[in-house]
**Student:** 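Before I ask anything, here is the structure I am working with.
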Protein chains: 2
Amino acid sequence: MVDANLTISDRIQEKLDGLTRAERQLALSILENYPASGLGPLATLAKGANVSVPTVARMVQKLGYKGYPDFQADLRDELGAIAKGPIARHETWAGAAPTEHILNRFTEAVIDNIRNTMAHIDPVAFDQACALVADQRRHLYIVGGRITHTLAEYLFMHMQVIRPNLTHVQSTSNTWPHYLLNAGDGDVFVIFDVRRYENNTLKLAEMARARGAKVVLFTDHWRSPVHRIADVCLTSQIIVPSAWDSATTTMLLIESMISAIQTLNWDSTKNRMQELEDIFDKTKLFRKFT
Amino acid sequence: MVDANLTISDRIQEKLDGLTRAERQLALSILENYPASGLGPLATLAKGANVSVPTVARMVQKLGYKGYPDFQADLRDELGAIAKGPIARHETWAGAAPTEHILNRFTEAVIDNIRNTMAHIDPVAFDQACALVADQRRHLYIVGGRITHTLAEYLFMHMQVIRPNLTHVQSTSNTWPHYLLNAGDGDVFVIFDVRRYENNTLKLAEMARARGAKVVLFTDHWRSPVHRIADVCLTSQIIVPSAWDSATTTMLLIESMISAIQTLNWDSTKNRMQELEDIFDKTKLFRKFT
DNA sequence: ACAATTATGAAAAATTTATCACAGAGTGCT
DNA sequence: AGCACTCTGTGATAAATTTTTCATAATTGT
């Protein structure tokens with residue numbers, strides 16, 4: 001047992017730097033489901049963090065405990081102390097900051113956006129969109145606007161790993177008409193368009209449609225005019241306490257889509273990822289995971 | 001393990017009448033310091049309630065458990081569910097889709113990431129980071145890597161509106177040494193580095209630091225090696241059911257930061273936004289809001 | 001008040017759980 | 001490229017905790 005006035009969670013975070021890879025992996029696993037996971041048997045904890053049993057024993061010693069049971073005893077004490085005090089209901093997200101701190105206000109707004117977006121989304125439409133984007137026979141065009149081009153790029157980057165035959169187009173660039181030259185029947189356009197909707201984007205969507213391409217639209221819940229011609233429309237709520245709109249919810253939809261498509265195309269994705277790994281290994285662009 | 005939707009505390013109270021004297025004595029003792037006392041060794045619990053060891057074993061069996069460890073496991077599960085809070089416990093987000101639909105699974109993971117990130121963030125560090133990035137006397141460099149360059153760009157785009165005197169650098173590009181030439185004392189580097197940590201990014205950070213610049217790091221909770229030299233380190237949890245990591249939580253932090261800085265610099269931001277509007281109006285790049 | 005029944009606790013047996021010592025793998029350094 | 005280093009996991013050993021057994025005490029019904 002060690003000093004008080006400092007939760008074990010704090011202590012772990014503090015010592016995080018002094019820990020080795022496996023130990024840190026373990027420490028984070030403990031914090032992830034704190035404190036419940038630390039109150040179970042050592043072996044269970046080790047398994048949950050994908051580390052070996054002695055790693056746990058070593059880490060708790062580094063934290064200053066005599067052994068795992070000692071650590072558990074302290075955890076239980078802490079739990080007991082919390083339970084006795086006024087049960088502060090989790091109204092705040094960043095626990096250490098007041099409710100009015102921007103982190104809490106912003107996070108609350110984003111959670112609300114997510115809840116609303118998910119409540120109104122049509123899973124069938126989402127699945128359709130995924131199927132279209134996953135279909136390797138169709139050339140895939142990903143289109144972003146002024147603000148949304150970063151989102152478009154994020155999707156593009158991941159789709160590049162999953163499948164061939166795709167292009168990133170920026171509607172704000174004046175080169176996009178050139179891309180349309182090659183687009184045709186059965187191709188797919190994923191278009192991002194949120195407030196302030198862009199005229200260029202609408203034009204591009206119309207022309208793509210005229211050429212017989214499918215259109216998947218990511219927009220906010222006021223809906224870009226593109227939605228009238230889109231085959232599938234995915235809307236997100238984007239309201240936050242800021243002068244700008246939030247892209248977080250849209251990002252969540254994009255990542256869900258990537259995850260879904262990766263599953264649909266898993267065989268080819270797996271191979272392509274492996275190849276990518278090999279290339280990175282050869283170029284030694286990245287450090288080994290530490 | 002038994003049915004859900006009923007806390008163990010409830011179940012004990014319910015069965016209280018069916019228990020014998022010693023067992024009731026024990027039950028009340030458990031409830032007195034719930035749930036901490038039930039998570040310790042059986043013998044300790046027995047001693048605390050002044051009953052014998054087998055009494056405990058018998059009572060948990062009456063409650064429907066196979067044995068004491070089984071009882072403890074259920075207690076821990078309950079504890080885990082409480083800690084996650086009512087919002088995270090949401091089972092389905094996309095109401096129209098089944099729980100196993102990727103939208104629900106993914107969203108749940110992201111909410112969990114957000115909760116964890118916010119639980120462990122240091123608001124003081126966050127405020128410091130905001131102050132550094134907001135300070136217009138310092139030149140601001142925003143650095144992204146292979147995956148993170150979209151996030152970096154997103155921040156860059158917004159900061160461009162808020163303040164002058166900033167540069168977007170890509171650590172994967174081989175032009176970054178040129179940017180460092182101009183960097184010096186008192187400048188600020190916002191660096192994004194998540195798994196697979198990039199050697200280039202680390203080098204860049206080191207050199208920036210050597211030149212007397214401040215370093216603000218956005219990373220995942222395994223922490224990029226850059227964190228050792230960073231002045232402020234903001235970590236996000238990024239685990240999702242996918243072959244890739246999630247950028248959504250990091251996006252949330254970035255947007256919170258933008259919102260915070262916009263408030264700090266509100267006078268200048270307001271003017272700059274107005275100017276931007278005027279320019280857009282002139283170029284007629286965007287449709288009027290409909 | 002006595003017998004039958006049930007509850008309780010002490011102690012031993014069985015099982016689970018934690019600790020220790022050692023060897024292999026991976027890293028970084030010269 | 002080779003050596004020394006640290007870190008990590010496997011298997012063996014020791015410790016602890018839980019379960020079971022059984023004898024005794026308390027309780028209830030007649």
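Just so it is clear: chains get the letters A, B, ... in the order the sequence lines come, proteins before strands, and each one is counted from 1.
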**Student:** Output the rounded distance in Å from CE (Met59(B)) to P (dA7(C)).
**Tutor:**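 Distance check: Met59(B) CE to dA7(C) P gives 15 Å.
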**Student:** Quick one: is dA7(C) close enough that its OP1 or OP2 comes under 4.0 Å of any side-chain N or O from Thr55(B)?
**Tutor:**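 False: Thr55(B) side-chain N/O out of range (4.0 Å or more) of dA7(C) OP1/OP2.
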**Student:** Can you tell me how far P of dT8(D) sits from CG of Asn50(A), to the nearest Å?
**Tutor:**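 Computing the Asn50(A):CG to dT8(D):P distance gives 14 Å.
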**Student:** Parallel, tilted or perpendicular for Phe71(B) and Tyr65(B), by the 30°/60° rule?
**Tutor:**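 Plane angle over 60°, so perpendicular.
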**Student:** Over how many whole Å does the gap from Arg21(B) atom CZ to dT28(D) atom P extend?
**Tutor:**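 So the CZ-P distance, Arg21(B) to dT28(D), works out to 12 Å.
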**Student:** Rounded to the nearest angstrom, tell me the gap between atom CG in Leu19(A) and atom C1' in dT8(D).
**Tutor:**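 Going from CG in Leu19(A) over to C1' in dT8(D) covers 14 Å.
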**Student:** Could you check whether the rings of Phe192(B) and Phe218(B) sit parallel, tilted or perpendicular, using 30° and 60° as the cut-offs?
**Tutor:**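 Plane angle under 30°, so parallel.
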**Student:** Could you go step by step and tell me if Glu255(A) and Ser242(B) meet the side chain to side chain donor-acceptor pair (under 3.5 Å) rule?
**Tutor:** CA-CA 9 Å; Glu255(A) 290 188 332; Ser242(B) 164; over 6 Å; no
**Student:** Once you round it to whole Å, what is the distance between P of dT10(D) and NZ of Lys47(A)?
**Tutor:**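 Rounded to whole Å, this separation is 12 Å.
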**Student:** So which protein nitrogen or oxygen atoms get under 3.5 Å of nucleotides 16-20 of chain D's nitrogens or oxygens?
**Tutor:**
{"residue": "dT18(D)", "atom": "OP1", "partner": "Leu42(B)", "partner atom": "N", "Å": "3.3"}
{"residue": "dT18(D)", "atom": "OP2", "partner": "Leu42(B)", "partner atom": "N", "Å": "2.5"}
{"residue": "dT19(D)", "atom": "OP1", "partner": "Tyr68(B)", "partner atom": "N", "Å": "3.1"}
{"residue": "dT19(D)", "atom": "OP2", "partner": "Tyr68(B)", "partner atom": "N", "Å": "3.3"}

**Student:** To the nearest angstrom, how far is Leu45(A) atom CG from dT17(C) atom P?
**Tutor:**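 Going from CG in Leu45(A) over to P in dT17(C) covers 13 Å.
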**Student:** Hey, does the side chain of Ser52(B) come within less than 4.0 Å of dA10(C)'s phosphate (OP1/OP2), counting only N and O?
**Tutor:**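 Checking Ser52(B) against dA10(C): no side-chain N or O falls below 4.0 Å of OP1 or OP2.
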**Student:** Does OH in Tyr34(A) sit with more than 12 non-hydrogen atoms of other residues, nucleotides or ligands closer than 6.0 Å?
**Tutor:**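 Enclosed.
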**Student:** Distance check: side-chain N/O of Thr20(B) vs OP1/OP2 of dT8(C), anything under 4.0 Å?
**Tutor:**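 Result: yes.
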**Student:** Any donor-acceptor pair under 3.5 Å linking the side-chain atoms of Thr201(B) with those of Ser171(B)?
**Tutor:**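 Per modelled atom types, Ser171(B) and Thr201(B) side chains form a pair under 3.5 Å.
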**Student:** Going by an N to O cut-off under 4.0 Å, is there a salt bridge joining Arg223(B) and Asp17(A)?
**Tutor:**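 The answer is yes: the pair qualifies as a salt bridge.
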**Student:** Output the rounded distance in Å from CD (Glu23(B)) to C1' (dT6(C)).
**Tutor:**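 Atom-to-atom, Glu23(B) to dT6(C), this comes out as 11 Å.
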